[in-house]
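Notes for the one structure printed next.
In what follows, every chain begins at residue 1, and chains take the letters A, B, ... in the order their sequences are listed. As the structure is a prediction and not an experimental result, all values here were calculated from the model.
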2 protein chains.
Amino acid sequence: MKELDIIQDVILNEHNQYLHNVSIDNVILVYHNKELKVLLQRPHGLAKWTLCGGYIKRTETIDEAAARIARERTGLEDLFLKQFKAFGNPTRTRDSAITVKFINEHIDHSTEKNNWMLDYFVSLGFYTLTEFELVRPTGELSAEECQWWDILKLPALLFDHKLIIEEALKALRLHLYNYPIGYKLLPEKFTLPEITSLYETILDKKLDDRNFSKKLLATGIITKLDERRNIGPHRSPFLYIFNKIKYDEALENGIVLSI
Amino acid sequence: MKELDIIQDVILNEHNQYLHNVSIDNVILVYHNKELKVLLQRPHGLAKWTLCGGYIKRTETIDEAAARIARERTGLEDLFLKQFKAFGNPTRTRDSAITVKFINEHIDHSTEKNNWMLDYFVSLGFYTLTEFELVRPTGELSAEECQWWDILKLPALLFDHKLIIEEALKALRLHLYNYPIGYKLLPEKFTLPEITSLYETILDKKLDDRNFSKKLLATGIITKLDERRNIGPHRSPFLYIFNKIKYDEALENGIVLSI
DNA sequence: CCTTTATTCCGTAAAAAATACGTAATATTA
DNA sequence: TAATATTACGTATTTTTTACGGAATAAAGG
């Protein structure tokens, strides 16, 4: 073995140590009927549900990959996406549901060719905020089912996807105090009771409506319209929109929402 | 081709799409002489400096990998580590410095075997906080040099490592407002002027010493000792330690340090 | 020994922000 | 037109944050 070969061999060995499966898992969230909901899919032949996930193409950035995955499932462009954490440990993709699927489909899961899904997997966690009304959940070919689930009543989830959702919510709560992102979950025009109850749901605590609206208005991020929503047998609440300029500024520099 | 083979082929193709190079880049920080310093190394035959990085073993979690990398460079166990962001795009590892190294070392960089470093690379960014006095920087065999650099006067860095450092500092600043992590950069016993100036350096703004110390003491996180530090021809400042119980609590639940 | 110098060490008053709280208006149904 | 469920909003109190200056002290130098 010549010296150069040895060097190349060392390099190649080192290379193999760097190679891992990498996926993106996207916690796509909406707010509907006073519930925070996450979009989940159930792959063909599997008894458990999964986050909307996918791989990274060699031609795109990880943010672009996450946006593409969100687009494939929601049909929407330009969604608000945020990377929040990477997950990786030797056993996170060990799940008996996969073995059951292989057995059911007569796939020989003892070969290296097929058991790769149980191998080391690094997953990059993103959350996406969007509006319930705009989304037409679509699993397309890759899933048997694709639908919204209340985050308080999740079905059985594959791998560590429950943990990933919990971490996404932790990150979302933290960001909610530092950025005006809550608005992304509401329609363009919304009422004060709606935004109050959204924040109450995410933060899981009761807010004083008078003080909360005072603070929101003080930031200048929302603007009152001369227009009301008809909500049936009750006084009609005013509609508000958010102020794009102030919003972008607060997104860039952060704000302190002491709520 | 039998049906099963086709399925397996599809699976295998999908598998390849998931495969990427994954590395960890660790922004190891200390505070010394009123400067925030980062530990960098210069690999053999390379003109540019890099963060302390490495790969993930298939037997460890990504946090364990980051801790191991920090240990290999600092000699210290149980460091404070925090994952802050993943980096990945098609061109982040294109750097002429690599090509120059290959040419200098007569390595044929046109073969797939050798140009893998220029391939798609996902890097998981961590920062590590520790004390200058405890660390003996050691590049060991993998680097020609390994030393501290003032974050305000960085040398030429490989790939996007300058960006990674900037993002680490952004994350550190944000965390500084929500967690009592600043203390990790100080020795066990420290003075009020020391911690004030540490926060001033990280946040890059002047603080009112009276109000800052009032707030710190109000959190209960630091405790005054009946002991002073001798600082030459000046009044000797009292020493403080931090309160482990309060500290852990604040680390767990977060605090709001309005500084 | 006394003066100089650079630094630490407080405390209080004013301003700003957060909190607590109750009642009148209103849109619809019966 | 009465009942019901909801929105709208202001003020007083408490808490937190900010602004600010002067006395104490450790060593060095004359």
Original post:
Are A:Asn230 and C:dT28 close enough that a side-chain N or O sits under 4.0 Å from OP1 or OP2?
Top reply: yes
Subject >> Any A:Ser258 side-chain N or O less than 4.0 Å from OP1/OP2 of C:dA18 >> reply: yes
Rounded to whole Å, please give me the gap between [atom1] in [X] and [atom2] in [N].
X        : N      : atom1 : atom2 : answer
A:Lys215 : C:dA17 : NZ    : P     : 12 Å
B:Phe238 : C:dC9  : CZ    : P     : 7 Å
A:Asp226 : D:dA8  : CG    : P     : 13 Å
A:Arg229 : D:dA8  : CZ    : P     : 12 Å
A:Ile259 : C:dT19 : CD1   : P     : 11 Å
A:Arg235 : D:dT4  : CZ    : C1'   : 15 Å
B:Asn211 : C:dA16 : CG    : P     : 15 Å
A:Asp208 : D:dA8  : CG    : C1'   : 13 Å

**OP:** Could you tell me whether B:Lys37 and B:Asp150 make a salt bridge, using a distance below 4.0 angstrom between a side-chain N and a carboxylate O?
**Re:** no
Original post:
Between A:Lys205 and A:Glu200, is there a salt bridge with N-O shorter than 4.0 Å?
Top reply: no
**OP:** Find which nucleotide of DNA chain C each of B:Thr191 and B:Lys214 is nearest to by heavy atoms, and output the residue with the more 5' nucleotide.
**Re:** B:Thr191
**OP:** With the side chain of A:Arg210 defined as its heavy atoms from C-beta on, choose the nearest nucleotide among D:dG10, D:dC20, D:dA28.
**Re:** D:dG10
Original post:
Which nucleotide, D:dA8, C:dC10, C:dT8, lies nearest any side-chain atom of B:Pro193?
Top reply: C:dT8
**OP:** May I ask you to verify whether the side chain of A:Asp209 and the base of D:dA8 hold a donor-acceptor pair under 3.5 Å?
**Re:** no
**OP:** Record whether the side chain of B:His234 comes under 3.5 Å of the base of C:dA6 through a donor-acceptor pair of N or O atoms.
**Re:** yes
**OP:** Name the nucleic acid region contacted by B:Ser213, choosing base, sugar-phosphate or nothing; use a 4.0 angstrom heavy-atom cut-off, strictly under.
**Re:** nothing
Original post:
Is it true that B:Tyr127 and B:His175 have ring centroids separated by less than 6.0 Å?
Top reply: yes
Subject >> Evaluation steps, side chain to side chain donor-acceptor pair (under 3.5 Å), between A:Tyr31 and A:Ser197 >> reply: CA-CA 10 Å; A:Tyr31 182 66; A:Ser197 117; 2.5 Å; yes
Original post:
Taking only residues two or more places apart in sequence or in another chain, which ones pass salt bridge (charged side-chain N to carboxylate O under 4.0 Å, His left out) with B:Lys170?
Top reply: B:Glu167
